[in-house]
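Just so it is clear: chains get the letters A, B, ... in the order the sequence lines come, proteins before strands, and each one is counted from 1. Not measured: the values here are computed from a predicted model.
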Protein chains: 2
Amino acid sequence: MNANLDLLQTTQCLCLASRRAARAITRRFDKALRPHGIRATQFTLLSALKLAGPQPIGELAELIGADRTTLTRNLAVAAEQGLVALCQDEDDARAHIAAITPAGQRAVKKALPAWRLVQQELTEAMGKPAADSLRRVSAGPSLILFAARHD
Amino acid sequence: MNANLDLLQTTQCLCLASRRAARAITRRFDKALRPHGIRATQFTLLSALKLAGPQPIGELAELIGADRTTLTRNLAVAAEQGLVALCQDEDDARAHIAAITPAGQRAVKKALPAWRLVQQELTEAMGKPAADSLRRVSAGPSLILFAARHD
DNA sequence: GCAAAGTCAGTGTATCTGCACCTATTATCA
DNA sequence: TGATAATAGGTGCAGATACACTGACTTTGC
């Protein structure tokens, strides 16, 4: 029937594809990082904070492409575990600054070799062109602008 | 310092890239599907059920690359909304079969044009080669096998 | 200097995600 | 046939995600 012919297109759905890929990749990184006591999302958070330095929550959210309110809760978890610290901005009483703690730095340093191994294996498994393409897509302005559209 | 030089590699993290892409893409599809009362994940679920026919939960989970227990709960939400129905398998009392309901079929049919529009816009925004690459990666056996590794 | 508008972040609510563990049922084999 | 292994699925727990709304503070314009 016609309805099912139309539906066949949905097997190509980019939302399904991106989510399925993210789930599989996250599972793999989580598994490898587990012995080090942090999750893949936390590894991302900590390395971003280490590289970029103390950041207001909103800017950090934009940096890793997550919703600000999502980051608020992820930071609360990481703060609970002592991996990050939250403090008031001296200049602007509205802003809260997130910073990586010494314990957080130790955690990310300890986890780095495991991360690197999975990153290498995964790059090999999917092929370097595909890996480059994924990074380009996720980091490029097209996706960000695209997601922000309100039409 | 040396530690930060090492950390620079993590800006290339494929877990961050895949999650960031999935978040942005999901936000966009959710926004477009919202007027039709379903989410992107539900659209995926319903179209998969419509195309594949009634499925045991485990097989459906494998089909869309999600954890079985995740799907159990997503199906419960969809069942609550009357979009899918769950029933016992006649041959195997352990198995539960998920099937799309008439209401679910109406919902996915109603949402299809909106989905198609976003899919087209997104394909254009990221470029067809990148879209093909993403689908290949997410659907190919390499990722599935990769994620299942236990070493 | 003050009211209005803009900005920054937290909370309520709901969904998605998955590991560890559990129960129930079926298959296998001595 | 009865014990054991294998399989299908649910639950507890914890975290990730984001929209709508709110409160607090800052900036702007007069």
Completion exercise
Within residues 59-69 of chain B, those residues having any heavy atom closer than 4.0 Å to DNA chain C are B/A66, B/D67, B/T69
Handout entry: Charged N-O contact under 4.0 Å between B/D30 and B/R27
Key = no
Problem - Option among A/I97, A/N74, A/L45, A/V84 that satisfies the side-chain contact (heavy atoms from CB on, under 4.5 Å) test with A/L60 - result: A/L45
Exercise for the section: Measure from NZ on B/K31 to P on D/dC19 and round the result to the nearest Å. Expected result: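 Taking atom P of D/dC19 as the reference, NZ of B/K31 is at 7 Å.
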Handout entry: For atom CG of B/D30 and atom P of D/dT17, their distance in whole Å
Key = 14 Å
Exercise for the section: Considering just the side-chain nitrogens and oxygens of B/N74, establish if one lies under 4.0 Å of OP1 or OP2 belonging to C/dT17. Expected result: yes
Practice task
Give a yes or no answer on whether the side chain of A/T26 reaches the backbone of A/R23 with a donor-acceptor pair at less than 3.5 Å.
Solution key: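 Judged by distance alone, no pair lies under 3.5 Å.
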Problem - Distance, rounded to the nearest Å, where A/D92 contributes CG and C/dT7 contributes C1' - result: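 After rounding, the gap between these two atoms is 8 Å.
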Problem - N or O in side chain of B/R23 less than 4.0 angstrom from D/dT17 OP1/OP2 - result: yes
Exercise for the section: Using whole Å, report how far CG of B/L16 lies from P of D/dT17. Expected result: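 Interatomic distance, CG of B/L16 to P of D/dT17: 10 Å.
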Exercise for the section: Measure from the side-chain heavy atoms of B/H96 and tell me the nearest of C/dT26, C/dG18, D/dG10. Expected result: D/dG10
Problem - Derivation and outcome, salt bridge (Lys or Arg N to Asp or Glu O under 4.0 Å), residues A/D132 and A/R136 - result: CA-CA 6 Å; A/D132 288 338; A/R136 243 191 330 269; 5.5 Å; no
Practice task
Respond yes when some side-chain nitrogen or oxygen of B/T72 is under 4.0 Å from OP1 or OP2 of D/dG9, and no when none is.
Solution key: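 No.
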Practice task
With B/H36 as reference, evaluate B/R106, B/Q42, B/K110 under the side-chain hydrogen bond (donor to acceptor under 3.5 Å, both in side chains) test and give the passing residue.
Solution key: B/K110
Practice task
Report which part of the nucleic acid A/T41 touches: base, sugar-phosphate, or nothing (heavy-atom distance under 4.0 Å, all strands).
Solution key: sugar-phosphate
Practice task
Ignoring backbone atoms, establish whether B/Q88 has a side-chain N or O less than 4.0 Å from OP1 or OP2 of C/dT25.
Solution key: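 The answer is no; no side-chain N or O of B/Q88 sits under 4.0 Å from OP1 or OP2.
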Exercise for the section: Identify which nucleotide among D/dA18, D/dA20, C/dC16 has an atom closest to any side-chain atom of B/R34, counting heavy atoms from C-beta outward. Expected result: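 Among the listed nucleotides, the one closest to the side chain of B/R34 is D/dA20.
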Exercise for the section: Could you tell me whether the phosphate oxygens of C/dC16, OP1 or OP2, come under 4.0 Å of any side-chain nitrogen or oxygen in B/T70? Expected result: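 No, because none of the side-chain N or O atoms of B/T70 sits under 4.0 Å from OP1 or OP2 of C/dC16.
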Exercise for the section: Report the distance from atom CD of A/Q81 to atom C1' of D/dA16, rounded to the nearest whole Å. Expected result: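 In whole Å, D/dA16 C1' and A/Q81 CD are 13 Å from each other.
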Handout entry: A/Q12 backbone acceptor or donor facing B/Q119 side chain under 3.5 Å
Key = yes
Completion exercise
Quick note, A/R94 side chain, CB onward, closest among C/dT7, C/dG18, C/dT25 is C/dT7
Handout entry: A/S138 side chain to B/R20 backbone, donor-acceptor under 3.5 Å
Key =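 Answer holds: no.
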Practice task
Check if the side chain of A/R73 and the base of C/dG12 share a donor-acceptor pair of N or O atoms closer than 3.5 Å.
Solution key: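 Answer yes: a donor N or O sits under 3.5 Å from an acceptor.
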Problem - Cluster overlap A/I100 with A/L63, hydrophobic side-chain contacts below 4.5 Å - result: yes
Protein N or O to nucleotides 1-3 of chain D N or O, pairs below 3.5 Å:
none

Problem - Length of the line joining A/R27:CZ and C/dT17:P, which is rounded to integer Å - result: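 Spelled out: CZ on A/R27 to P on C/dT17 is 10 Å.
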Practice task
Calculate, to the nearest 0.5 Å, the distance between atoms OG1 and CZ belonging to B/T11 and A/R135 respectively.
Solution key: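 Rounded to the nearest 0.5 Å, the OG1-CZ separation comes to 8.5 Å.
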Problem - CG-CG distance between B/L122 and B/L134, expressed to the nearest 0.5 angstrom - result: 8.5 Å
Exercise for the section: Would you kindly give the CD-to-P distance between B/E90 and C/dT26, to the nearest whole Å? Expected result: 13 Å
Practice task
Rounded off to whole Å, could you give me the CZ-to-C1' distance for the A/R19 and C/dG18 pair?
Solution key: 13 Å
